There are 2 protein chains.
Amino acid sequence: MKLSEGVEWTAHACLLLSILPPGVGLSAKALAEFHDLAPAYMAKHLQALKRAGIVETSKGPGGGYRLARDAAEVSLLDIVGAIDGNEAMFRCSEIRRKGPCISKQASFRAPCHIASAFGRADNAWRAELAATTIAQIAKRTAENSSETNRDDLVQWLSMKLGEPFTLSVRS
Amino acid sequence: MKLSEGVEWTAHACLLLSILPPGVGLSAKALAEFHDLAPAYMAKHLQALKRAGIVETSKGPGGGYRLARDAAEVSLLDIVGAIDGNEAMFRCSEIRRKGPCISKQASFRAPCHIASAFGRADNAWRAELAATTIAQIAKRTAENSSETNRDDLVQWLSMKLGEPFTLSVRS
DNA sequence: GTACCCCTACTCGGATAGCGAGTGTCCGAGTCGGAATGG
DNA sequence: CCATTCCGACTCGGACACTCGCTATCCGAGTAGGGGTAC
């Protein structure tokens, strides 16, 4: 019952990608370096994001990963689904139908109430994640960041992109 | 991000224990047999329930497992905590503090908004499970069970307990 | 007949193997950009 | 000076080992109850 480590990695990666100008991307190596993570492993997770249609890729020099759609259209649930899959945490194997005291005349038209309860909990969890987008997180993070941190970020991105970079608020 | 199989096993086991008269228990072997499960593995999970204080045990002939408190005081969250632990699914490792563009003057007084969002989702999930008790599930299951199923259950329990057993609604 | 004792069967409880998903890494396929070259 | 070609470096993408936690099992510790025996 533990979320994959890659969820945290890719969520932060998407957060970084969301502040780039449209059409501009960053390589897996750069995205890993930014948070001091293993480059190869980060690349593996980013491939999962691409398979899910969250990011697009370009090969060759100057290529890399960029968001495939607006940051307001990328939810945390999308990222979780891309990395860990969309299966429910609780998977009912209908053990109530097994056992010695189940006769052939037994009927189970009603759903298993244990599975139903876990299903409701799962829906509540997913609803909360679906309601949180990368754009929202980026906005809140920007509002709480210090001047120093912003300057360092701008300088680092300018170096990595090979062109002057300025922070701009995107919807 | 998958719940342990033992959660389903022990939830159904608690459901069965909840309809027994006070002070009466069932052995791990019988609880496993009832749903056609591996006895040794079921015993392992039941030990986890005991460590969590959900069930009590008695050794020797006639002994076994019984609920340590009223079924209305046992929630699905208690069971999940006993089997899978109480740690949050998302564990923030604060990677935002790592990396080359974090200077010594950087300040992170505000919490990580990604971790906050996952924390809210976790709380929603746990709240739903905490609000569902074994007693509620037993009540709903009883209301939806057929006459045949109830008779088979009564007969099986009478045999296992070695004394006549009758179904009674408990709060 | 009664009280005591022992013994057996039954139960829990922790210690011990096996396996699969997640973790971590590497090398090949493809592509863009620029340098070199010839006109 | 300009167009073309070729080469190199950079990037993604999938294929390949490794580790840890869940799965699964077994055997020893402890106990209640019943049968046997002595009084």
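These values consider heavy atoms only, across backbone and side chains, with no hydrogens, waters or symmetry-generated copies. Naming: A, B, ... by sequence-line order, numbering from 1 per chain. The structure presented is a predicted model; accordingly, all values stated were derived computationally and were not measured.
- Taking the side chain of A/Gln47 as heavy atoms from C-beta on, and the options D/dC12, D/dG13, C/dC12, the nearest nucleotide is D/dG13.
- With sequence neighbours excluded, no residue forms a side-chain hydrogen bond (donor to acceptor under 3.5 Å, both in side chains) with A/Thr133.
- Using a cut-off of 4.0 Å between Lys/Arg side-chain N and Asp/Glu carboxylate O, B/Arg126 and B/Glu128 are scored as not salt-bridged.
- Atom NZ of B/Lys50 and atom P of D/dG30 are 14 Å apart (whole Å).
- By the 4.0 Å N-to-carboxylate-O rule, B/Arg150 lies close enough to B/Glu147 to be salt-bridged with it.
- Scanning for side-chain hydrogen bond (donor to acceptor under 3.5 Å, both in side chains) contacts around B/Ser146 gives B/Asn149, with sequence neighbours left out.
- Rounded to an integer number of Å, the gap from CG of B/Leu26 to P of C/dC12 is 10 Å.
- Across the protein-nucleic acid pair, B/Leu46 atom CG and C/dG14 atom P stand 13 Å apart, rounded to whole Å.
- Considering only side-chain N and O atoms, B/Thr57 lies under 4.0 angstrom from the phosphate OP1 or OP2 of C/dG13.
- Here the options are B/Thr10, B/Asp84, B/Leu129, the test is side chain to side chain contact (heavy atoms under 4.5 Å, CB included), and the partner is B/Ile79; only B/Thr10 passes.
- Atom-to-atom, CE of B/Met1 to P of D/dG21 comes out at 19 Å; the value is rounded to the nearest Å.
- For the pair A/Lys29 NZ and D/dC10 C1', the computed distance is 9 Å after rounding to whole Å.
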Per-nucleotide protein contact string for nucleotides 23-32 of chain C (B base, S sugar-phosphate only, - none; heavy atom under 4.0 Å):
BBBB---BBB

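- Rounded to a whole Å, the CG atom of B/Asp36 is 15 Å from the C1' atom of D/dA24.
- In terms of phosphate contacts, B/Arg51 brings no side-chain nitrogen or oxygen within less than 4.0 Å of OP1 or OP2 of C/dG13.
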Please evaluate residues B/Thr141 and A/Arg96 with respect to the criterion side chain to side chain donor-acceptor pair (under 3.5 Å), reporting the C-alpha separation (whole Å), side-chain torsions for both, the decisive distance (0.1 Å), and the verdict.
CA-CA 11 Å; B/Thr141 303; A/Arg96 62 175 180 160; over 6 Å; no

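- Listed here is the closest heavy atom pair of A/Leu49 and A/Ala82: CD2-CB, 3.8 Å.
- Rounded to a whole Å, the NZ atom of A/Lys160 is 11 Å from the P atom of D/dC10.
- B/Arg91 places its CZ atom 13 Å from the C1' atom of C/dG22, with the value rounded to the nearest Å.
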